[in-house]
S.K.: 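Pasting in a structure now, in structure tokens, and then I'll have a few things to ask.
Each ligand, and each atom within it, is numbered from 1 in the order the structure gives. For reference, positions follow the sequence shown, starting with 1.
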Amino acid sequence: MKLCMIGTGYVGLVSGVCFSDLGNDVICVDKDLDKIQLLQNGKVPIYEPGLSELVVKNYKNKRLKFSNDLKKSVIESDIIFICVGTPTKKGSSSADLAQVYNVAKEISKSINKYKIIVTKSTVPVTTGDEIEKLLAMKLKKFYKKKIKIINFP
Ligand SMILES: NC(=O)c1ccc[n+]([C@@H]2O[C@H](COP(=O)([O-])OP(=O)(O)OC[C@H]3O[C@@H](n4cnc5c(N)ncnc54)[C@H](O)[C@@H]3O)[C@@H](O)[C@H]2O)c1
């Protein structure tokens, strides 16, 4: 399977690397170019025992790629995992979902065929419905037939 992790932080990087080690083709995308360049040079920006070895192994095998080109990565993938941050809003106890919704809008611009979109970020109930609406706005003709939203805790 061709997978795309959008957000190459603790969750996106670790999950993406493990999926690639299981034999999938994975593109880890991040808007932080420094992070992407570090990973392309075999350096891991977080501490996670054993991760560096898996990054180097799967990058060399060409099952693991790192990119800051979200559009191209979405087009090339079958399953897209949203793994961006959901920090607590200032002065409130609720989550700021702006990054998740921005990514959903970006994905909607690039869907070219059947895709499965998985919300891996920690989000409150009903966020999947909002993501579905954002995707459906741009993709009315594919709606129901080509969009499936899974909340993956
Ligand atoms: N860290 C954990 O152990 C953990 C565990 C369970 C759930 N979660 C949840 O998973 C989500 C991600 O957490 P994390 O710790 O990996 O966050 P993180 O901040 O380490 O990584 C998020 C990444 O997303 C990138 N990003 C943001 N907007 C982007 C965009 N438009 N395009 C491309 N990349 C973009 C950021 O540059 C960053 O590298 C959060 O919702 C968090 O609550 C985290």
S.K.: With only distance considered, is T8 within less than 3.5 Å of ligand 1 through an N or O on each side?
M.R.: no
S.K.: Taking only Lys NZ, Arg NE, NH1 and NH2, and the carboxylate oxygens of Asp or Glu, determine whether D21 and K57 approach each other closer than 4.0 Å.
M.R.: yes
S.K.: Could you tell me whether atom 3 (O) of ligand 1 has a protein heavy atom closer than 4.0 Å?
M.R.: no
S.K.: Quick test of your reading of the structure: of V103, V100, T86, whose heavy atom lies closest to atom 41 (O) of ligand 1?
M.R.: T86
S.K.: Using a 4.0 Å heavy-atom cut-off, say whether K35 meets ligand 1 through its side chain, its backbone, both or neither.
M.R.: side chain
S.K.: What atoms of ligand 1 come closer than 4.0 angstrom to any heavy atom of Q99?
M.R.: 27 (C), 28 (N)
S.K.: Could you list the atoms of ligand 1 found under 4.0 angstrom from a heavy atom of G7?
M.R.: 23 (C), 24 (O), 25 (C), 34 (N)
S.K.: Given V11, D32, T122, which has its nearest heavy atom closest to atom 42 (C) of ligand 1?
M.R.: T122
S.K.: Counting distance only, does the side-chain N/O of T127 pair as donor-acceptor with the main-chain N or O of V123 below 3.5 Å?
M.R.: no
S.K.: Look at atom 17 (O) of ligand 1 and say which protein heavy atom is nearest, naming residue and atom and giving the distance to 0.1 Å.
M.R.: G85 CA, 4.4 Å
S.K.: Among side-chain atoms of S94 and S92, is any donor-acceptor pair under 3.5 angstrom?
M.R.: yes
S.K.: Is there a donor-acceptor contact under 3.5 Å from the side chain of N61 to the main chain of R63?
M.R.: no
S.K.: Among V123, T119, V84, which one has a heavy atom closest to atom 29 (C) of ligand 1?
M.R.: V84
S.K.: Are K43 and L39 side-chain neighbours, meaning at least one heavy-atom pair lies under 4.5 Å?
M.R.: no
S.K.: Tell me whether T119 contacts the main-chain N or O of S121 through its side chain, where contact means a donor paired with an acceptor under 3.5 Å.
M.R.: no
S.K.: With a 4.5 Å limit on heavy-atom distance, are the side chains of I79 and M1 in contact?
M.R.: yes
S.K.: Between K72 and E76 (salt bridge meaning N to carboxylate O under 4.0 Å), is one present in this structure?
M.R.: yes
S.K.: When you measure from atom 21 (O) of ligand 1 to every protein heavy atom, which one gives the shortest distance, and what is it?
M.R.: G9 CA, 3.3 Å
S.K.: May I ask you to say whether D96 pairs ionically with K90, meaning some side-chain N is under 4.0 Å from a carboxylate O?
M.R.: no
S.K.: Just jot down the ligand 1 atoms closer than 4.0 angstrom to any heavy atom of S121, in number order.
M.R.: 10 (O), 11 (C), 41 (O)
S.K.: Name the closest protein heavy atom to atom 1 (N) of ligand 1, giving the residue it belongs to and the distance to 0.1 Å.
M.R.: Y10 CB, 3.5 Å
S.K.: Can you tell me which residue and heavy atom of the protein come closest to atom 38 (C) of ligand 1, and the distance to 0.1 Å?
M.R.: D30 OD2, 3.4 Å
S.K.: Can you tell if the side chain of I6 reaches within under 4.5 Å of the side chain of C83, non-hydrogen atoms only?
M.R.: no
S.K.: What atoms of ligand 1 come within less than 4.0 Å of a heavy atom belonging to C83?
M.R.: 12 (C), 22 (C)
S.K.: Polar contacts were defined as any N/O atom of the residue lying under 3.5 Å from an N/O atom of the ligand; does this apply to K31 and ligand 1?
M.R.: yes
S.K.: Would a 4.0 Å cut-off, counted as strictly less than, catch a protein heavy atom around atom 19 (O) of ligand 1?
M.R.: no
